[in-house]
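For this chain, numbers begin at 1 and follow the sequence in order. Atoms within a ligand are numbered from 1 in the order they appear, just like the ligands themselves.
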Amino acid sequence: MTKTQIINFFSDFVKIQSVSTDENRFSEIEKAVSFLKDFLLSLGFSVKILEKEKAPPLILATLIKDEKAKTIGIYGHYDVQPEDPVSEWETAPFLLTQKKGKFFGRGVADDKGHIVQNLFAIKHLIEEKKLKNNIVFILEGEEEVGSVHFEDYVKEAKDVLSKIDVFYLIDTGMHQKNVPQIFYGLRGIIYFELTVKIGQRDLHSGVYGNRVYNPINVLADLIAKTKDIKTGKILMPKFYEKVRKIEKEELLLLKKTLKSDEEEKKEAGVFGLTEIEGFSSLSSKIFPSFDCHGIISGFIGDGQKTVIPKEAKVKFSFRLVEYQDPKEIEAQVFDFVEKNLPKEVRWELKCLSKSAPFYTDVKNEWVKKTAKILKDVFGNEVVFNRSGGSIPAAEILQRLYKKPIILTGFTLPDDNIHAPNENFDSEMFFLGVEALERIYSF
Ligand code: BES
Ligand code: MN
Ligand code: MN
């Protein structure tokens with residue numbers, strides 16, 4: 001097994017435009033499935049493809065070495081985020097490019113690169129006859145759209161998954177270059193799309209301004225009522241009711257992960273930062289949040305046009321923390337929208353996906369062994385951290401199978417996931433393969 005072999009495989013994988021949110025590219029999702037299936041078969045795995053109508057399939061691949069050995073589950077997702085805005089990319093998004101010691105391309109960091117690392121770590125162990133454990137790959141194709149069918153899929157696969165002793169979810173990043181990181185918490189997320197319609201057609205703003213509602217103004221008003229951007233607090237009644245107060249012990253642990261404002265400003269490429277109750281960089285991990293992701297309405301061409309559009313649409317989500325319940329939050333949001341929109345407009349609110357927050361115990365032997373190997377390979381102690389991001393699979397696997405879950409990964413803070421110029425440092429990539437080989441062979 002050579003680096004060239006790995007890179008060629010990686011390059012073929014990145015070429016497949018498996019953007020799960022784009023219905024028109026469903027055939028690319030199917031391509032990714034057969035691409036991975038063929039490779040897993042070549043390694044000697046038995047491969048099951050679980051399917052549901054219109055949903056990306058779940059790949060379940062099993063390699064039993066010894067019924068009495070430990071069984072390791074390895075999770076990754078083969079779907080990626082859309083590549084927009086394409087003009088901001090310095091390289092073609094679906095062409096794996098090596099530049100400045102990094103791999104560039106959509107999905108290289110999130111999460112195709114990690115899948116490649118895992119596959120080749122296992123391939124190498126098989127070739128060297130060092131694989132003693134049983135391995136189960138769980139490769140998902142709808143993570144980036146909220147893992148809507150994941151729970152049903154993994155319930156169907158109970159016969160295989162209930163035999164797993166530990167789950168490795170390789171879909172996060174390192175604290176810094178050469179500083180490995182294990183996450184013990186993730187935020188949940190609930191995602192909505194709201195359309196507000198004022199009538200049948202667009203209107204002249206001079207003739208009708210003051211006499212009709214403007215749907216953009218209506219949405220802006222609702223958004224402003226949802227969150228106070230000065231305090232960062234969400235204003236929806238009862239929203240914080242179930243939020244767990246953070247304990248001193250955890251706070252002490254998290255203080256070790258703090259980054260300076262300067263560092264974070266540089267990392268995010270922003271002119272300034274916000275925070276909640278003075279918690280600086282912990283604000284995005286320990287508190288829930290509310291963000292709009294897109295507003296579609298009206299005239300957005302060059303120049304000016306004085307129109308009151310007939311409708312406007314906004315996409316928004318809430319990130320959730322323990323012990324907020326996505327179902328309860330969903331009901332609160334419907335109630336809040338109903339109470340706060342003018343009676344004279346028509347509206348439709350759709351919840352596109354929801355997933356619960358994840359929090360786990362890291363005081364177990366699996367974590368200890370993993371942390372030791374990561375330290376040996378990268379030369380620095382592991383940082384234990386919480387992330388503001390979400391991976392629905394983590395909470396689902398923990399709740400259903402009650403086994404240790406280890407969340408780690410090898411990308412760097414400037415990996416640009418979900419953004420143009422997504423990248424994976426190649427040194428960390430290959431060291432990561434080495435670390436995974438050692439982790440899966442203990
Ligand atoms: N791998 C990320 C989540 C992540 C990013 C965890 C950084 C830790 C650090 C995952 O692919 C992701 O982006 N999840 C989505 C889920 C959503 C679309 C339901 C997210 O967090 O926005
Ligand atoms: Mn991911
Ligand atoms: Mn992602």
Salt-bridge criterion met for K238 and E241 (N-O under 4.0 Å): no
Ring-face cation of K368 near W366 (centre distance under 6.0 Å, axis angle within 45°): no
Among A109, S390, G409, G389, which one has a heavy atom closest to atom 12 (C) of ligand 1? S390
Cation-pi between K177 and F378: NZ/CZ under 6.0 Å from ring centre and within 45° of the ring axis? no
Contact check, G173 vs ligand 1, heavy-atom distance below 4.0 Å: no
Atoms of ligand 1 close to G146 [distance to a heavy atom under 4.0 angstrom, numbered from 1]: 19 (C)
Cationic tip of K369 within the cone over F442's six-membered ring, i.e. under 6.0 Å and within 45° of the normal? yes
Could you check whether any heavy atom of L407 sits closer than 4.0 Å to an atom of ligand 1, since that is the contact criterion I want to use? no
Output field for angle at the Mn ion (ligand 2), D110.OD1 vs D171.OD1, rounded to 10°, should show 100°
Would you check whether R187 reaches within less than 4.0 Å of ligand 1, judged by its heavy atoms? no
Between K112 and F13, is NZ or CZ placed under 6.0 angstrom from the six-membered ring centre and within 45° of the ring axis? yes
Check for a donor-acceptor pair, side chain of S147 on one end and backbone N or O of F150 on the other, with a separation under 3.5 Å. no
Atoms of ligand 1 close to I189 [distance to a heavy atom under 4.0 angstrom, numbered from 1]: 19 (C)
Shortest protein contact, atom 18 (C) of ligand 1 (heavy atom only): E144 O, 3.4 Å
Before giving the answer on side-chain contact (heavy atoms from CB on, under 4.5 Å), spell out for L36 and Y78 the whole-Å C-alpha distance, their side-chain angles and the decisive distance to 0.1 Å. CA-CA 9 Å; L36 292 168; Y78 63 82; 3.7 Å; yes
If every non-hydrogen atom of V14 is compared with every non-hydrogen atom of P93, which pair is closest and at what distance? CG1-O, 4.1 Å
Using a 4.0 Å cutoff against the non-hydrogen atoms of H77, which atoms of ligand 1 qualify? 11 (O)
Taking the six-membered ring of Y359, is NZ or CZ of R244 closer than 6.0 Å to its centre and within 45° of its axis? yes
Determine which of the N, O or S atoms in H77 is closest to the Mn ion (ligand 2) and give its atom name. NE2
Classify the ring geometry between F334 and W347 as parallel (under 30°), tilted (30 to 60°) or perpendicular (over 60°). tilted
Closest to the Mn ion (ligand 3), among the N/O/S atoms of E144, is atom OE2
If you measure every N/O of S387 against every N/O of ligand 1, is any gap under 3.5 Å? no
Geometry only, no angles: is T172 polar-contacting ligand 1 at N/O separations under 3.5 Å? no
heavy-atom search around atom 11 (O) of ligand 1 in the protein gives E143 OE1, 2.7 Å
In this structure, does ligand 1 have an atom that sits under 4.0 Å from one of the heavy atoms of D111? no
Where on D171 is there a heavy atom closer than 4.0 Å to ligand 1, on the side chain, on the backbone, on both, or on neither? both
Do the ring planes of F429 and F424 sit parallel (below 30°), tilted (30 to 60°) or perpendicular (above 60°)? perpendicular
I'd like to know if R319 contacts ligand 1, where contact means a heavy-atom distance under 4.0 Å to any ligand atom. yes
Could you check atom 7 (C) of ligand 1 against the protein and tell me its nearest heavy-atom contact, residue, atom and distance included? I417 CD1, 3.9 Å
